[in-house]
Protein chains: 2
Amino acid sequence: MSCTSEYASQLRARGFRMTSQRLAILHALRHAETHLSPREVYIQAKQELPGLTEPTVYRTLEFLAENGLARTSQTGNGHLRYQIAGNDHHHIVCRICGDEMEVDHALLERLYHKLESDSGYMRIDSHMTFFGVCPQCQ
Amino acid sequence: MSCTSEYASQLRARGFRMTSQRLAILHALRHAETHLSPREVYIQAKQELPGLTEPTVYRTLEFLAENGLARTSQTGNGHLRYQIAGNDHHHIVCRICGDEMEVDHALLERLYHKLESDSGYMRIDSHMTFFGVCPQCQ
DNA sequence: AAGGTTATTGCAAAAACTTGCAATAAGGTT
DNA sequence: AACCTTATTGCAAGTTTTTGCAATAACCTT
Ligand SMILES: [Mn+2]
Ligand SMILES: [Mn+2]
Ligand SMILES: [Zn+2]
Ligand SMILES: [Zn+2]
């Protein structure tokens, strides 16, 4: 839709191609305001592109994450979920009831700088999920 | 081995039971100095207890993590790995070469306090994995 | 607009992980 | 030491995720 050609040229510049599958999956991610599981992405995107298969969804999501168009997040049980890339943020999730809350990146800014200078690692991924116990469940 | 009875009573106190399967799996985790995948745990523990099955390994690892005897960590592709519970620490992993480095919890102490007071969440899990680009790969 | 290169997909099969349920055995009670 | 309760396991079957490879189609070049 909107940023379609933006995405396309971004990929082409790196020697990749824009495909109907990638577009359909990007649409699904853009329309969701939350994180989606690969299965949910598949269901959504298949409506736009009926021939779409699940292996392609898995591979595409991984590809989009590697290339900065999507971000991954971890659920408690270790399953990946995906979200369109946008402003930096993090999550804190209740390990009892699953309640989720967004955490602004500003809160981690200082830590990230310290991490970078201490470890020498750079470009640390800014989409973390912390697990704790929410106020209700305490 | 060493802390066997310690583990046993810890579980019994909560209405759970110590079993040969749980012991074999705890041994496997104790002897490993790194994180293990469920498959690796299965291979190791099966040597000590040949009848062990994979579903039991998955269920047991989840059980041990829930009860504080083991900790989980996420690999880049979202798969869970397990480690015996011990001193608090974190990891930073290179998303290019996979190189890994331990991060002391002291570095995150301040953040954790801020997170707790800002969000109201408590008992935030202290075993995070950050992804970045290591000095070599930059 | 046609042709060529090769990144990407679909298909089929494999591997990893999960679940339901009957059989087993831990560990408390008599 | 025998008995009971029920947490835990193994088995078999399901579901999810990954992989190899031949067919397809994006897009660069002519
Ligand atoms: Mn997010
Ligand atoms: Mn660790
Ligand atoms: Zn909660
Ligand atoms: Zn590296």
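You'll find the ring centres of H127(A) and H89(A) inside the 6.0 Å limit. When ring centroids are compared, Y121(A) and F130(B) stay outside the 6.0 Å threshold.
Along DNA chain D, the nucleotide closest to G15(B) and the one closest to N77(B) are compared, and the more 5′ of them pairs with G15(B). Residues P38(B) and F16(B) each lie close to DNA chain C; by heavy-atom proximity, the contact nearer the 5' end of the strand is made by P38(B). The residue among S37(B) and L49(A) whose nearest nucleotide of DNA chain C lies closer to the 5′ end is L49(A). Residue whose closest nucleotide on DNA chain D sits further toward the 5' end, between R39(A) and P55(B): P55(B).
Looking at the side chain of T19(A), the nearest of the listed nucleotides dC27(D), dC17(C), dT8(C) is dT8(C). Of the candidate nucleotides dC27(D), dG10(C), dT9(D), dG10(C) has the atom lying nearest to any side-chain atom of T53(A).
Distance CZ (R14(A)) to P (dT6(C)): 21 Å, rounded to an integer number of Å. Regarding Y58(A), its OH atom lies at a distance of 16 Å from the C1' atom of dG10(C), rounded to whole Å. Rounded to whole Å, atom P of dT9(D) lies 11 Å from atom CG of L11(B). Between the CG atom of L52(A) and the P atom of dT8(C) there is a distance of 15 Å, given to the nearest Å. Atom pair R12(A):CZ and dC28(D):P shows a separation of 6 Å (rounding to whole Å applied). Taking atom CD on E54(B) and atom P on dT9(D), their separation rounds to 15 Å, with Å as the unit. Going from atom CG of L80(A) over to atom P of dC17(C) covers 12 Å, rounded to whole Å. Here dT9(C) presents its P atom at 12 Å from CD of E62(A), a figure rounded to the nearest Å.
Of the charged side-chain nitrogens involved, none lies within less than 4.0 Å of a carboxylate oxygen, so that R95(A) and E66(B) do not count as a salt-bridged pair.
Contact annotation: T56(B) side-chain N/O to dT9(D) OP1/OP2 distance is not under 4.0 Å. Between Q21(A) and dA26(D) there is no side-chain N or O to OP1 or OP2 distance below 4.0 Å. Regarding contacts with the backbone of dT18(D), a side-chain N or O of H79(B) is found under 4.0 angstrom from either OP1 or OP2. Phosphate proximity of dA25(C) to R17(B): absent, as no side-chain N or O sits under 4.0 Å from OP1 or OP2.
Across all strands, R59(B) comes closer than 4.0 Å to base atoms (heavy-atom distances).
Only one option out of E40(A), R71(A), Q74(A), H91(A) pairs with H35(A) in a side chain to side chain contact (heavy atoms under 4.5 Å, CB included); it is H91(A).
You'll find the side chain of L69(A) reaches within 4.5 Å of the side chain of Y7(A), heavy atoms only.
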